[in-house]
Number of protein chains: 4
Amino acid sequence: MARPRSDEKRAAILEAATTIIVERGLSAPTASIAKLAGVANGSFFTYFETKSDLFNQLYLELKKDMAAAIMKDFPVNATLRDQTRHVWQAGTNFAMASPHKRRAMVQLAVSDEITPQTRAAAEALARGFGQFVTRLREHGSLRNVPITFAGSIMNALSEATIEAMVKDPDNAQKHCETGFEAFWRAIS
Amino acid sequence: MARPRSDEKRAAILEAATTIIVERGLSAPTASIAKLAGVANGSFFTYFETKSDLFNQLYLELKKDMAAAIMKDFPVNATLRDQTRHVWQAGTNFAMASPHKRRAMVQLAVSDEITPQTRAAAEALARGFGQFVTRLREHGSLRNVPITFAGSIMNALSEATIEAMVKDPDNAQKHCETGFEAFWRAIS
Amino acid sequence: MARPRSDEKRAAILEAATTIIVERGLSAPTASIAKLAGVANGSFFTYFETKSDLFNQLYLELKKDMAAAIMKDFPVNATLRDQTRHVWQAGTNFAMASPHKRRAMVQLAVSDEITPQTRAAAEALARGFGQFVTRLREHGSLRNVPITFAGSIMNALSEATIEAMVKDPDNAQKHCETGFEAFWRAIS
Amino acid sequence: MARPRSDEKRAAILEAATTIIVERGLSAPTASIAKLAGVANGSFFTYFETKSDLFNQLYLELKKDMAAAIMKDFPVNATLRDQTRHVWQAGTNFAMASPHKRRAMVQLAVSDEITPQTRAAAEALARGFGQFVTRLREHGSLRNVPITFAGSIMNALSEATIEAMVKDPDNAQKHCETGFEAFWRAIS
DNA sequence: TATGAATGAGGTTTCATTCAT
DNA sequence: AATGAATGAAACCTCATTCAT
């Protein structure tokens with residue numbers, strides 16, 4: 001019967017946090033996040049129990065964002081190479097389009113604020129890709145290697161690729177291709 | 001602010017910092033570092049002007065450590081593949097032998113405490129490898145790509161490899177090989 | 001700020017406050033009181049202007065409760081000793097039956113939340129005993145002493161008595177007698 | 001070799017706390033205590049781990065003060081009545097001379113900040129009176145009653161007495177006598 | 001009127017850095 | 001140079017109170 005909790009405000013805080021994290025690090029005051037989000041200092045805690053809680057929720061949200069971007073228009077019936085190509089392209093596109101989100105994700109990922117539960121939930125998002133992951137695993141050199149290794153390699157290589165794309169945006173697409181080819185060879 | 005007498009204390013602080021960073025993050029109090037190093041609270045600032053200063057010096061020191069480990073017994077006259085092989089093996093050996101150092105390096109690398117100057121100095125260490133880097137650049141797919149991209153790819157792949165080795169130490173050597181083969185294919 | 005409709009809610013808040021004060025002290029949040037009373041956060045302030053206001057009203061209410069308990073069946077025509085005896089017994093009975101109320105009263109009494117007006121109103125309740133107080137004052141050693149001193153002595157001794165009764169409930173009635181005899185001797 | 005911790009500062013903080021507690025209650029900010037003590041905000045925590053810690057130490061200190069005042073010139077060889085008389089007089093004198101200390105003690109005693117350990121330590125101070133307590137217990141009506149009851153009665157009556165003395169200082173000594181006589185009769 | 005979200009002042013405690021010894 | 005007490009600026013979070021619904 002009272003004013004309902006506002007999804008917009010929650011979103012505003014999350015977005016403000018993304019920006020602040022990139023620009024001032026995880027140790028930036030909650031007050032700065034609240035201010036940028038346009039809410040009162042204390043309202044932060046109406047939407048997130050603690051600062052840590054915000055970090056965890058934000059991390060998941062960002063991961064979901066990216067997963068959604070990658071799943072969009074996923075070519076279900078294409079060859080494994082083309083599917084991988086799509087994932088690679090969509091992933092790098094996302095990172096180029098939302099550089100703040102990507103950098104915040106990295107900051108959060110290496111911090112000790114993210115709980116094992118949150119990390120598990122983030123990994124679980126990969127299940128959305130269904131068969132793709134399974135097929136990729138059975139491909140070439142990944143066959144005899146733990147899944148996480150495969151994931152890490154892909155992640156690591158695409159990180160490097162994105163880094164190159166960001167630093168040299170004029171040749172972004174070229175770097176994207178090069179990166180993909182390197183990755184594809186790596187896992188062949 | 002005269003030159004402090006004891007190099008041992010400086011080293012003790014650096015080592016303590018490495019441990020503390022891994023166990024409690026970059027936001028751990030300087031006092032905790034001093035305590036672990038066995039020096040007084042205030043002595044920290046006799047050896048390092050600020051906390052940030054310590055971080056930067058430590059980062060460089062760690063990078064130097066690793067560079068030295070890699071350069072040790074470098075096969076000057078071997079084939080490029082064997083040289084690369086040596087670098088790969090020495091790098092992963094170092095990481096396995098000094099897990100604290102590696103993790104601290106990662107923490108520091110992603111933080112915003114490390115200045116561009118420090119990062120530049122760290123990259124400059126690669127020059128110690130002289131011709132090796134040059135030859136690697138001219139090899140295969142790396143020919144048309146910025147050096148940093150090559151470095152990133154190597155770094156990224158070896159990170160992933162080390163991660164796998166650490167998580168599954170029984171098959172460490174196998175993961176090391178697999179990682180190297182993947183890398184070599186990637187840059188071919 | 002019109003007269004609120006529900007007396008039940010007011011009573012619920014007062015009762016909840018009594019419990020909360022005993023269990024968590026005067027600094028417990030108003031929200032905790034509201035919650036225990038089963039009303040919303042903000043409704044607290046429909047019934048009481050401020051937290052202090054609640055404390056003052058509660059204090060008076062508790063004093064009234066106790067006064068009522070003591071006046072019940074007061075032996076109007078008995079000897080002074082028997083009347084005193086009745087007051088003593090009824091007072092300790094009340095405290096034993098409503099330990100929360102007694103403890104909340106103590107907490108409130110020593111706090112600086114209770115205004116002089118409230119304290120005066122509480123003292124005024126004694127007037128309900130009419131002649132009894134007058135007669136008591138003229139008795140024995142109290143003759144040459146300010147009334148408040150007499151009241152304090154009685155209060156102090158009965159506090160001590162109740163404390164003993166609460167701590168050792170098996171011998172409660174015995175402690176009650178002993179306390180009364182001590183009191184009676186004290187004022188003789 | 002560094003600046004030693006200063007007993008004066010500790011004492012200054014304790015004294016400031018006494019004043020602040022009386023004037024603004026236990027919920028007064030630690031900053032206000034530090035300010036009145038003439039030390040920096042943070043120095044408070046060099047001398048006391050937490051606010052609660054201060055409260056507990058202060059409580060004990062005050063109790064010790066009073067115990068010392070009462071033990072001073074205690075007539076070891078006097079009659080029980082004269083010894084009691086001495087205790088009564090010294091106690092009320094102390095309260096009259098240090099009203100702040102007394103009021104702070106009361107505030108602390110009823111608060112839930114004082115731990116059972118501290119309360120126990122405070123009670124243990126009574127042991128300093130050696131035989132006196134034992135003899136008092138064996139006297140008159142206290143014989144068949146728990147010690148704590150005897151203590152409470154004395155405490156309660158002297159509280160009431162002091163209250164009267166404070167409110168009417170011109171007749172302080174008279175109230176003191178009256179109170180003592182009432183007490184003596186009560187325990188006879 | 002009842003609700004509970006919104007507000008923002010304020011509190012305790014931490015900690016990088018300085019400074020007396 | 002070494003020590004550790006002193007400093008005071010923040011930081012996170014709480015909570016009385018207000019206000020939109």
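So you know, we letter chains A, B, ... as the sequences are listed, proteins then strands, and number each from 1. Everything numeric here is computed off the predicted structure, so don't read it as measured data.
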Looking at E15(D), I want to see if its CD is surrounded by more than 12 non-hydrogen atoms of other residues, nucleotides or ligands under 6.0 Å.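 Not more than 12 within 6.0 Å, no.
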Using a 3.5 Å limit on both distances, find every run of at least three consecutive Watson-Crick or G-U pairs that involves DNA chain F.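 So the stems come out as E:2-21 with F:2-21.
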With heavy-atom distances below 4.5 Å as the criterion, would you say the side chains of [X] and [Y] are in contact?
| X | Y | result |
| --- | --- | --- |
| N56(A) | Q117(A) | no |
| L108(A) | L62(A) | yes |
| R10(A) | F48(A) | yes |
| P29(A) | R24(A) | yes |

Just to confirm, is there a sub-4.0 Å distance from OP1 or OP2 of [N] to any side-chain nitrogen or oxygen of [X]?
| X | N | value |
| --- | --- | --- |
| R3(A) | dG4(E) | no |
| T30(D) | dT12(E) | yes |
| S43(B) | dA2(F) | no |
| Y47(B) | dA1(F) | no |

I need the [atom1]-[atom2] distance between [X] and [N], as an integer number of Å.
| X | N | atom1 | atom2 | answer |
| --- | --- | --- | --- | --- |
| L26(D) | dG11(E) | CG | P | 14 Å |
| E49(C) | dC19(F) | CD | P | 14 Å |
| R24(D) | dG11(E) | CZ | C1' | 12 Å |
| F44(B) | dA1(F) | CZ | P | 17 Å |
| N41(C) | dT18(F) | CG | P | 13 Å |
| L54(D) | dT12(E) | CG | C1' | 13 Å |
| I13(B) | dA16(E) | CD1 | P | 14 Å |
| K35(A) | dA11(F) | NZ | C1' | 16 Å |

Taking atom types as modelled, find out whether T115(B) and T118(B) have a side-chain donor-acceptor pair closer than 3.5 angstrom.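 Yes, because at least one side-chain N or O of T115(B) sits under 3.5 Å from a partner of the opposite role on T118(B).
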Want to settle it: does P29(D) or K9(C) sit nearer the 5' end of DNA chain E, counting the closest nucleotide to each?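 In this pair, the answer is K9(C).
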F45(D) or K51(B): which one's nearest nucleotide on DNA chain E is closer to the 5' end?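 Whichever sits nearer the 5' end wins; that is F45(D).
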Does E113(C) come within less than 4.0 Å of K51(C), counting only side-chain N to carboxylate O?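 Not counted as a salt bridge, because no side-chain N and carboxylate O are separated by less than 4.0 Å.
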Quick check on DNA chain F: between G38(D) and A40(B), whose nearest nucleotide comes earlier from the 5' end?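 Its nearest nucleotide lies further toward 5', so the answer is A40(B).
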Between A28(C) and V39(B), which has a closest nucleotide on DNA chain F that is more 5'?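 Of the two residues, V39(B) wins.
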Quick one: label F48(B) by what it contacts on the DNA or RNA (base, sugar-phosphate, nothing), any heavy atom closer than 4.0 Å.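 Touches nothing.
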